[in-house]
Amino acid sequence: MAAGCCGVKKQKLSSSPPSGSGGPGGPHCSGESQCRGAELGLGGSGSGPGVSQRVNGLGCGNSLSPGCGTLSPGCGNGLSPSSRKMVVSAEMCCFCFDVLYCHLYGYQPPRTPRFTNDPYPLFVTWKIGRDKRLRGCIGTFSAMNLHSGLREYTLTSALKDSRFPPMTRDELPRLFCSVSLLTNFEDVCDYLDWEVGVHGIRIEFINEKGSKRTATYLPEVAKEQGWDHIQTIDSLLRKGGYKAAINNDFRKTIKLTRYRSEKMTMSYTEYLSHRQHHHFQNGIGHPLPPYNHYS
């Protein structure tokens, strides 16, 4: 199940919206054409039969456990972040750049990388320019083996994010690549039972037409936007397509899953430097990029 990592335009939100107000009117991610780089998240779509989901952020499919405060099956490993070794690495970002570079220049895809191939829900995010504007972000809530998952979502996020045109060679020197691995999924009973700046959240709700919808924000979104819990929930509802007034009674009907993520970011300049030292170790069979081309 794929998801598109959606950025949002800066929203002017009060610190505590009235309980009967419509909340922040952020656009649904599929219609957003310009996104600030620091404002990543996940937009949701209907989850009925035959609906293909593109989420802005990471989630764990629809395999949510029925209890509250329990780990969702198939996601994370149940270990606290402090007791678990980081899995995400700079090598993963390098691999994503390798995949994109080979595709844009018509080279054979890079060979199998050396980092772990364990399955994780994952997202690949591209930002561009000094202000790090969002350029593409798509991932999956379903755990995928990292080698195939990063290959797939590197190109999907770079070429098939419906909010942006496909990436071109000329953009490569200004790109930043982030890999996010999602872990520690927990269903909670209280929609406020998560920590800003620590947890990503995935919500499931019934819209005004009676359809089930989902949406998610990666852990960094609320903190970067300066939002509190209510503002984040209301913005996420709008991104998920909810158009009616939002009040506290409706918020209480939301089914919320919180999760954490491991994230690594690398610039194209850092990628070039890394490849100069590890050119053939990574199984790359094409020449290094010509520096005069990227001046």
Side-chain angles (χ1 to χ4, degrees), residues 2-7 29-30 32-38 40 52 54-56 58 88-115 117 122-140 144-181 263-295:
C5 179
C6 200
C29 67
S30 61
E32 192 65 61
S33 60
Q34 293 181 344
C35 302
R36 292 171 57 95
L40 298 179
S52 175
R54 294 281 180 184
V55 184
N56 299 327
L58 293 178
V88 73
S89 68
E91 287 290 336
M92 296 179 186
C93 295
C94 280
F95 180 66
C96 293
F97 268 119
D98 286 338
V99 171
L100 180 61
Y101 181 90
C102 289
H103 177 85
L104 292 178
Y105 279 89
Y107 292 113
Q108 289 294 317
R111 293 190 287 273
T112 301
R114 295 185 176 184
F115 54 75
N117 195 30
L122 60 91
F123 269 75
V124 177
T125 303
W126 298 101
K127 296 181 184 180
I128 192 167
R130 293 182 179 179
D131 54 351
K132 297 183 179 180
R133 302 181 310 279
L134 183 66
R135 186 60 179 85
C137 181
I138 297 178
T140 177
M144 288 189 70
N145 292 104
L146 289 177
H147 295 175
S148 60
L150 290 177
R151 281 185 193 271
E152 177 178 345
Y153 284 100
T154 289
L155 296 182
T156 301
S157 60
L159 306 174
K160 298 181 180 180
D161 189 322
S162 61
R163 297 162 294 161
F164 306 100
M167 215 170 275
T168 64
R169 296 180 187 179
D170 292 339
E171 294 177 284
L172 274 171
R174 298 181 289 136
L175 289 178
F176 296 81
C177 177
S178 295
V179 172
S180 298
L181 307 183
K263 182 180 179 181
M264 183 66 66
T265 300
M266 175 178 284
S267 69
Y268 187 74
T269 301
E270 292 168 330
Y271 161 66
L272 288 183
S273 176
H274 186 277
R275 277 194 49 212
Q276 283 182 314
H277 293 93
H278 305 279
H279 183 48
F280 292 104
Q281 292 181 18
N282 287 345
I284 304 165
H286 58 78
L288 285 170
Y291 287 98
N292 58 350
H293 179 75
Y294 293 102
S295 59

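Everything numeric here is computed off the predicted structure, so don't read it as measured data. Side chains included, hydrogens not; waters and symmetry mates left out as well; all remaining heavy atoms used.
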Out of curiosity, [X] [atom1] to [Y] [atom2], how far, rounded to the nearest 0.5 Å?
X: Arg275; Y: Tyr268; atom1: CZ; atom2: OH; value: 7.0 Å
X: Phe176; Y: Glu270; atom1: CZ; atom2: CD; value: 8.0 Å
X: Ser157; Y: Phe164; atom1: OG; atom2: CZ; value: 10.5 Å
X: Ser178; Y: Lys263; atom1: OG; atom2: NZ; value: 4.5 Å
X: Arg135; Y: Cys177; atom1: CZ; atom2: SG; value: 13.5 Å
X: Phe95; Y: Arg111; atom1: CZ; atom2: CZ; value: 11.5 Å

Is there a side-chain contact between [X] and [Y] in this structure, where contact means two heavy atoms from C-beta onward sitting under 4.5 Å apart?
X: Leu272; Y: Thr269; answer: no
X: Glu91; Y: His274; answer: yes
X: Thr265; Y: Lys127; answer: no
X: Pro113; Y: His147; answer: yes
X: Arg151; Y: Pro109; answer: yes
X: Arg174; Y: Arg133; answer: yes

Relative to the ring of Tyr107, is the ring of Tyr105 parallel (under 30°), tilted (30 to 60°) or perpendicular (over 60°)?
parallel

For the pair Glu171 (side chain) and Thr168 (backbone), establish whether a donor and an acceptor sit closer than 3.5 Å, ignoring hydrogens and angles.
yes

Does Ser148 have any side chain to side chain contact (heavy atoms under 4.5 Å, CB included) partners at least two apart in sequence or in another chain, and if so, which?
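Ser148 satisfies side chain to side chain contact (heavy atoms under 4.5 Å, CB included) with Met144, Asn145 once adjacent residues are dropped.
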
Tell me, please, which residues at least two apart from Thr154 pass side chain to side chain contact (heavy atoms under 4.5 Å, CB included).
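Testing Thr154 for side chain to side chain contact (heavy atoms under 4.5 Å, CB included), a comparison that skips the adjacent residues, returns Cys96, Val99, Leu100, Val124, Trp126.
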
Which heavy atom of [X] sits nearest to which heavy atom of [Y], and what is that distance?
X: Phe97; Y: Leu175; answer: CZ-O, 3.9 Å
X: Leu134; Y: Thr125; answer: CD1-CG2, 3.8 Å
X: Tyr153; Y: Thr140; answer: OH-CB, 3.5 Å
X: Leu104; Y: Met167; answer: CD2-O, 3.6 Å

side-chain contact (heavy atoms from CB on, under 4.5 Å) between Leu181 and Met92: does it pass, once the steps are laid out?
CA-CA 11 Å; Leu181 307 183; Met92 296 179 186; 4.2 Å; yes

If you apply the rule side-chain contact (heavy atoms from CB on, under 4.5 Å), what do you find for Phe115 with Leu150, and how did you get there?
CA-CA 11 Å; Phe115 54 75; Leu150 290 177; 3.8 Å; yes

